[in-house]
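The next block holds one structure in the form of structure tokens; read it before the comments.
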There are 2 protein chains.
Amino acid sequence: MSGSPGETYERPHRPPRPEGAPAADRRSGIREAALRLFATQSYRSTTMTDIGAVVGMRGPSLYKHVASKHELLAEIMIGTMEQLIADNTAAVAGTDDVREQLRRSVEAHIRYHARHRLEAFVGNREIGSLEQPDQDRVLARRSDYERRFRELIERGMAERAFGVQSARIASYSILDMGIGVASWFREGGEFTVDQLAYQYGDIALRIVGVRTPDVPGGDQ
Amino acid sequence: MSGSPGETYERPHRPPRPEGAPAADRRSGIREAALRLFATQSYRSTTMTDIGAVVGMRGPSLYKHVASKHELLAEIMIGTMEQLIADNTAAVAGTDDVREQLRRSVEAHIRYHARHRLEAFVGNREIGSLEQPDQDRVLARRSDYERRFRELIERGMAERAFGVQSARIASYSILDMGIGVASWFREGGEFTVDQLAYQYGDIALRIVGVRTPDVPGGDQ
DNA sequence: CCTACCGATCGGTAGG
DNA sequence: CCTACCGATCGGTAGG
């Protein structure tokens, strides 16, 4: 729930290149640098000079590897949504039980937001920075992703496994609490990613009305 | 959970001033215009010319009413946190029951995020755009606000009214799902602000392990 | 409240 | 991969 992920960078004149770094890694190195800078300074405030400095070249030299600054943002954001959708597909594949599918969906959601904090953070803050047609591409994938959770909850309702006042609000609340994880989670803190995922799985089940241990006054 | 709040503006050459608008309203009009533009285009992408166009003057003329563009952002963000804290103080004042205090705190949280979507949206996205000492001022108020929820949950645990694995995660999940409301809520949609607040109050109670109607299979 | 304008910044291109 | 540089933008000031 705090501000943007904070790190510090140095920006020497002609520096941090491992000399003989394979040209193939160039592009992914640039993407990683861009991601870090977009997350900490915002897309708009990050300059090509900034990105270049991290990977050890001048701003204009980046155009040998990428078409534009916007392309870097679009790749990050579309890749993020594709990964979330793929993870969700894998999560629900292993079982037919709607409770277990919800738990696994939420755990995958949390795991992604904890392990790929920067991607998730940028993905949620920079939607307005995307130009068309990339913005629509990302929004379409977001709708798809949201729909999976809503329909899962609706199925749980139909099977009388879940009980909520509104499947839409239940799904938003579950998704939004996961999104929040990208803002405050830090590896090496009080909880591991796995512990976090499990706890949020429990919380999601409680939201849809499934009984979980740790009820008030003991585990009855 | 969608993108930024979308509206459209016109930017005529010398336009939308009600002619004899009281000079006292000038400043608040400018703040409102800035808020809308910061929310839809981001702080960084909003120019003084943009803001001036909304209130019917040239960019440089704004400096007769405000000290800087940054001052507008800082006022919005500090004001947002102060209001949230004041609302929370009022919310817990009317009762001693920890369940009822949590419900009212969450309802106030949701109400603010639904009624002041733009403030909340900007308040959560533009923290990194704030310069010191304003950023620290806002972060200090955020910590205060978060602590209120965490300590309330801890009290509920001590009184055996609540049962959670981690008060910190429970409070983050509750706060974060409320923050999400600012992204997707639209007045005139499926739910009124009051209905929304009530439903989230229920969800929060479920998260902390308090039984609520609409359990699976009827209301038990 | 306006025009003129300063000083600085930035994405991207040219042409090695 | 670099330097030089274009064209455009922007916050803010000067001086009415």
Side-chain angles (χ1 to χ4, degrees), chain A residues 9 11-31 33-34 37-38 40-76 126 128-132 134, chain B residues 9 11-31 33-34 37-38 40-76 126 128-132 134:
Chain A
Y9 306 101
R11 207 180 301 175
H13 203 72
R14 188 66 198 303
R17 164 125 75 108
E19 280 324 300
D25 288 350
R26 274 288 96 118
R27 192 185 166 93
S28 65
I30 292 169
R31 256 191 44 182
L37 291 164
F38 292 167
T40 51
Q41 317 180 343
S42 90
Y43 173 71
R44 193 68 206 287
S45 303
T46 299
T47 71
M48 294 304 272
T49 303
D50 291 338
I51 299 171
V54 173
V55 298
M57 63 179 83
R58 304 291 182 180
S61 304
L62 293 169
Y63 290 90
K64 268 284 153 197
H65 305 95
V66 299
S68 66
K69 183 184 160 189
H70 185 267
E71 183 192 72
L72 284 166
L73 180 65
E75 254 180 40
I76 289 167
E126 301 291 357
S129 304
L130 278 179
E131 287 159 27
Q132 296 297 11
D134 292 309
Chain B
Y9 307 102
R11 207 180 299 174
H13 202 73
R14 188 66 196 303
R17 164 125 74 110
E19 281 324 302
D25 288 350
R26 274 286 97 118
R27 193 183 166 94
S28 65
I30 292 169
R31 255 190 45 181
L37 291 164
F38 292 167
T40 51
Q41 317 181 341
S42 90
Y43 173 71
R44 195 64 207 288
S45 303
T46 298
T47 70
M48 294 304 272
T49 302
D50 291 339
I51 299 171
V54 174
V55 298
M57 63 178 84
R58 304 291 183 179
S61 304
L62 293 170
Y63 290 90
K64 268 287 155 193
H65 304 96
V66 299
S68 67
K69 183 184 160 190
H70 184 268
E71 183 192 71
L72 284 166
L73 179 65
E75 254 180 40
I76 289 167
E126 301 292 357
S129 303
L130 277 178
E131 288 160 27
Q132 295 297 10
D134 293 308

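Numbers restart at 1 for each chain; the letters A, B, ... are given by sequence-line order, proteins then strands.
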Calculate the interatomic distance between [X] atom [atom1] and [N] atom [atom2]; express it in whole Å.
| X | N | atom1 | atom2 | result |
| --- | --- | --- | --- | --- |
| B:Q41 | D:dT9 | CD | C1' | 14 Å |
| A:I51 | D:dC1 | CD1 | C1' | 16 Å |
| A:E71 | C:dG11 | CD | C1' | 14 Å |
| A:L62 | C:dC10 | CG | P | 14 Å |
| A:M48 | D:dC1 | CE | P | 13 Å |
| B:L73 | D:dG11 | CG | C1' | 15 Å |
| B:R27 | C:dC1 | CZ | P | 14 Å |
| A:K69 | C:dG12 | NZ | C1' | 12 Å |

What nucleotide, of [options], holds the atom closest to the side chain of [X]?
| X | options | value |
| --- | --- | --- |
| B:R26 | D:dT13, D:dC10, C:dC1 | C:dC1 |
| A:P60 | C:dT13, D:dG11, D:dC1 | C:dT13 |
| B:Y63 | D:dG12, D:dC1, C:dG11 | D:dG12 |
| A:R58 | C:dG11, D:dC2, C:dC1 | D:dC2 |

Beyond-backbone contact of B:M57 with B:K64, side-chain heavy atoms, under 4.5 angstrom: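 Side-chain contact under 4.5 Å: no.
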Please tell me which of B:A67 and B:K64 maps to the more 5' nucleotide of DNA chain D, matching each residue to the nucleotide holding its nearest heavy atom.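 It is B:A67 whose nearest nucleotide is closer to the 5' end.
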Can you tell me the Watson-Crick or wobble partner of C:dT9, both distances under 3.5 angstrom? D:dA8
Across every strand shown, the nucleotide meeting Watson-Crick or G-U wobble geometry with D:dC2 (both distances under 3.5 Å) is C:dG15
If we ignore hydrogens and angles and just use 3.5 Å, is the side chain of [X] paired with the main-chain N or O of [Y] as donor and acceptor?
| X | Y | answer |
| --- | --- | --- |
| B:S42 | B:F38 | no |
| A:T46 | A:L37 | yes |
| A:K69 | A:A34 | no |

Heavy-atom nearest nucleotide on DNA chain C taken for A:T46 and for B:S61; more 5' hit belongs to B:S61
At under 4.0 Å, does any side-chain N or O of A:H70 touch on OP1 or OP2 of C:dG11? no
Distance from A:I30 atom CD1 to A:E75 atom CD, nearest 0.5 Å? 10.5 Å
